[in-house]
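Nothing here was measured: the structure is a model prediction, and the numbers come from that model. In the text below, chain A, chain B and the rest are named by the order of the sequence lines, each starting its count at 1.
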Amino acid sequence: MGETIKDLTRTHRCGEVSLADAQNKVTIMGWVQKRRDHGGVIFTDIRDRSGIVQVVFNPEQGSKLFEKADTLRSEYVVAIVGEVEARPEGNINPEIATGEIEIKAEELRILDQAKTPPIQIEDDIDTGEDVRLKYRYLDLRRPKMTKLMQLRHQITKTTRDYLSEKGFLEIETPILTKSTPEGARDYLVPSRINQGHFFALPQSPQIFKQLLMVSGLDRYFQIARCFRDEDLRANRQPEFTQIDMELSFVNKEDIFAITEGLMQEIFALADIDLPEQIEWLSYQEAMARFGSDKPDLRFGMELKDLSAVVAESDFNIFSGTVKNGGQVKGINFKGGADSARSVIDGFEDYVKLFKAKGLAWIALKEEGLKSPIAKFLSDSELAAIQQELDAEPGDLLLLVADKPKVVAAALGNLRLKIAHENDLIPVESYKFAWIVDFPLFEYNEDEDRFVAKHHPFTAPVEEDIELLDSDPAAVRADAYDLVLNGEELGGGSIRINNRALQEKVFSALALTPEEQQDKFGFMLEAFEYGTPPHGGIAFGLDRLMMITGRTDSIRDVIAFPKTQRATSPLTDAPSQVAEKQLHELGISIRS
RNA sequence: GGAGGUGUAGCGUAGCGGUUUAACGCGCCGGCCUGUCAAGCCGGAGAUCGCGGGUUCAAAUCCCGUCUCCUCCGCCA
C-alpha cells in the first residue's frame, strides 16, 4: 500500500520548475523516470506530463529519507517536497528544460509502487505496436505521445475558440441514428425496444447539420465522431473525428475564407505557415498533371500526355490503346537512368497493383538509349516522347498505356513512390491547394449506376443542372477539397436546398421514389418548409494531427486506437456477449 | 476478399539443419561507489524460439497449415 497525499499540495509540475524558484520549497508529484544510485548520493528523475526534473537525495538529509530513496524503482508514483537549488556550474544539463536546477529532497512519499513496465517509458523505442496498444496507458506516458495528446487538445480548443468567434454554435447530433444507403458500411446497433430494428452509428453528421440549417441556426460546428465499417489503413480508423461545420447564406468563397482562417490558426500551433493565397486546381487538371485528386505539389515529375505523339505509332500497344479511347502518359524520373533492372521491375510490379497491364521504360544512359520498346518506335516518336517529358541524358522515362483512370492511378502512385524512395520531397514543405470542379457523379461498373462522388446532397454547379438528364457524367459538383502534401485534409460542398432538385439527383443515383421516401423522406419534407442556401465542410482531425504532429500513423494521434483488424488489444473489444443479452435483443448468431 | 512483410527472455535484435548449454544490447535483481543525467564497475536471474502438423538420425533453422501485428490493393458517398 502506498502512502497518501494527506496535507500535501502540488505546487509545480515537474517540467515547470525553473531557476526562478531557486531557494524556494516546492512540492512535485509524478513518476520515477530513472534512479541513479551513486552509493553516497541518489539522483532521481521525476516525470509528469510536463517533463522531468532531477531530485537529489543526500545522506545529510537524514538516513531514513535516504534509505527510502534507495527503495525507489522505475514508475513508482511519488510526492517530493524539497528546495530548488541552482546546479553548480559544471553540472548543468542543457538537454532538459529543467537542467539548470535540481530539487534537494526533504520529504519523500511513495504514493504507489509499480511493476517494471513491459515497455520502456522513453521516446525512441522500437516496440511492436501490439505491445504498445495492449499497454496503451503506459505508451501514452512516453513524452512523444503525451505531446501529441496535448497538441490534439490545442487544436480542438483553437477550433472551438475560432469558430465561436465567427458565430458558430457547437451542437451535438445523434450517435444512434438511421442507416442510410450510399457510402460506407454502417456500424449497426440493435434496438431492444424495437426488436429487429437497428440504429446506425453516423458516418458523418451530414443530414443533421443540414437540418440545423433548415432550423435557422445559421452556423453549426461539431468535433464529431464518425464511424465507418470499412477496412483500415495507416491513416484510417473505424471511428475517427471530424471538425464538421455547416453555414447558411454562403457561397464557396465564404467557406474558403473561414476555413483558411481556421487552418492558419491550427497550423500555427505546429509552426507551419499557410500561404497568403491557396491555389485552386480543378479536379480535371489535378488528375491530368498528377494522376490524383489529392496531388502532392511539393515536387514535380508531372504526368505528360503522349497519346497524340504515339497515336499513329506502329507500336500497337500504344496506338491501339489510344484508338480505343485510352491514353499513353509518362513521367520523367530525373537521373534515374542507371536504376537497376530489379528496381524498374519493382516499378512495374507496383503499377500492376493499380491494374496497369505493364510499364514501358526508356533509359537515357550516357552510352545511349536503352529501352525494351525503342525498337517498336520510330526515331521521331522517340524524339517527341523525350521532348514532351523534357528528357535529358541520365533520365528514366516511365510510360503507361491504358484507360485514363488506370493511367492516372498507376503513374500518380508511381510518382509518389519514386519521390519517397529517392528523397525528392523537401522536408518541412507545405503545399496547400483547393481542388474544385469535381464531377457530381462517378460511374460504378459493379453496380451499373452512377454514385455520388462526394455525397448525394451536393449541389451541381448551376450552369450544369440542365445536363442532369442528358449527360450526368459531365455535371460538375459545387464541391471542394482542401489538399495538403498529397493528403485530403477535408472536403465539402454547397448543398441542394430544394426538394425537386434533390429528388432529381436521387433519381440520377438510381434511387426509386419509394427508397427516396423511405430513406430520406424526412429530409425531403424538411426542404419544403423554407431552406436557406447552405454549404459546409468537414476536416479529418486525425489527419490534421498526423501532419501537425509529424507522424505517419493515425494510431499515434488517437489515445485508444484500433488495430488493423479493428480490435482493441487493450480491452479485447469486440468480444462475445452473454446469451441473455442477445436474447433480449431478439438476435441469434448464425454459425 | 487478395498481395507482401513480421513473430526468438520484459523490450529490441542475432543465430537460418549439427562446434548453441540459443548469443548480444536495453531493462530487471544483488553488491560496490558522494555529482550523475545513455552514470560506471562486478555478479546474477530471466526463453515451452507465435501455435499445430510434417520431413530428418538431428529443426529456432526446411516444408505445409494456422494465428498475430504491420504495409498495400479492393473497400472508404
Sort out for me which residue in A/Asp124, A/Asp556, A/Asp123, A/Asp139 forms a salt bridge (charged side-chain N to carboxylate O under 4.0 Å, His left out) with A/Lys144. A/Asp124
So A/Glu89, base contact, sugar-phosphate only, or nothing? Heavy-atom distance under 4.0 Å. nothing
Which part of the nucleic acid does A/Pro456 contact within heavy-atom distance under 4.0 Å: base, sugar-phosphate only, or nothing? base
Once you apply a heavy-atom cut-off of 4.0 Å, does A/Phe457 come out as touching a base, just sugar-phosphate, or nothing? nothing
Among B/C70, B/C75, B/C72, which nucleotide has an atom closest to any side-chain atom of A/Arg185? B/C75
Quick one: which of B/A39, B/C69, B/C11 gets closest to the side chain of A/Arg36? B/A39
Minimum-distance nucleotide (side-chain atoms of A/Arg228 versus B/C76, B/C75, B/C69): B/C76
Taking the side chain of A/Asp231 as heavy atoms from C-beta outward, which of B/G10, B/G1, B/G35 is closest to it? B/G1
Please state the P separation for the pair B/C69 and B/C11 - nearest whole angstrom. 16 Å
Classify the nucleic acid contact of A/Arg73 as base, sugar-phosphate or nothing, counting any heavy atom under 4.0 Å across all strands shown. sugar-phosphate
Looking at every strand, decide which applies to A/Asn91 at a 4.0 Å heavy-atom threshold: base, sugar-phosphate, or nothing. base
Applying side chain to side chain donor-acceptor pair (under 3.5 Å) between A/Asp186 and each of A/Gln203, A/Lys178, A/Arg228, report the one that passes. A/Gln203
Have a look at A/Thr180 and say if it touches a base, only the backbone sugar-phosphate, or nothing, with a 4.0 Å heavy-atom cut-off. nothing
Heavy atoms under 4.0 Å, any strand shown: does A/Ile119 hit a base, just sugar-phosphate, or nothing? nothing
Winner on side-chain proximity to A/Asn58, out of B/U71, B/C75, B/U34, is B/U34
Heavy atoms only, 4.0 Å cut-off, all strands: where does A/Arg233 land among base, sugar-phosphate and nothing? base
Mark this stacking check for A/His38 against B/G35 as yes or no, applying ring centres under 5.5 Å and ring planes under 30°. no
Distance between P atoms of B/U6 and B/A23 (Å, rounded): 24 Å
Pairwise P distance, B/U66 and B/G17 [rounded to whole Å]: 25 Å
Any side chain to side chain donor-acceptor pair (under 3.5 Å) pairs touching residues 54-65 of chain A, not counting sequence neighbours? A/Arg36-A/Gln54, A/Gln54-A/Glu102
Would you measure the distance from the C1' atom in B/U48 across to the matching atom in B/C57 and give it in whole Å? 23 Å
Shortest side-chain distance from A/Lys355, nucleotide among B/C76, B/U36, B/C73: B/C73
Taking the side chain of A/Val41 as its heavy atoms from C-beta onward, which of B/U36, B/C70, B/U34 lies nearest to it? B/U34
Which nucleotide, in any strand shown, forms a Watson-Crick or G-U wobble pair with B/U61, with both distances under 3.5 Å? none
Test A/Phe539 against A/Phe221 for ring pair (Phe, Tyr, Trp, His ring centres under 6.0 Å), laying out the working first. CA-CA 11 Å; A/Phe539 290 90; A/Phe221 85 98; over 10 Å; no
Out of B/G10, B/U34, B/G74, which has the shortest distance to the side chain of A/Gln120? B/G10
Under 4.0 Å between any heavy atoms, over every strand shown, what does A/Arg132 touch: base, sugar-phosphate, or nothing? Just pick one. nothing
Considering every strand and a 4.0 Å limit on heavy-atom distances, what is the contact class for A/Thr98: base, sugar-phosphate, or nothing? nothing
Inspect the contact between A/Arg185 and A/Glu230 and indicate whether a charged nitrogen and a carboxylate oxygen are less than 4.0 angstrom apart. yes
Applying side chain to side chain donor-acceptor pair (under 3.5 Å) to A/Ser204 and A/Gln242, what does each step give before you reach the verdict? CA-CA 8 Å; A/Ser204 84; A/Gln242 285 189 341; 5.0 Å; no
Assign A/Gln237 to base, sugar-phosphate, or nothing according to its heavy-atom contacts below 4.0 angstrom with the strands shown. nothing
Against the side chain of A/Thr563, the closest entry in B/C69, B/U36, B/C72 is B/C69
Watson-Crick/G-U partner (both atom distances under 3.5 Å) of B/G30: B/C42
Remember a base hit wins even if backbone is also touched, and classify A/Asp229 as base, sugar-phosphate or nothing at under 4.0 Å, heavy atoms. nothing
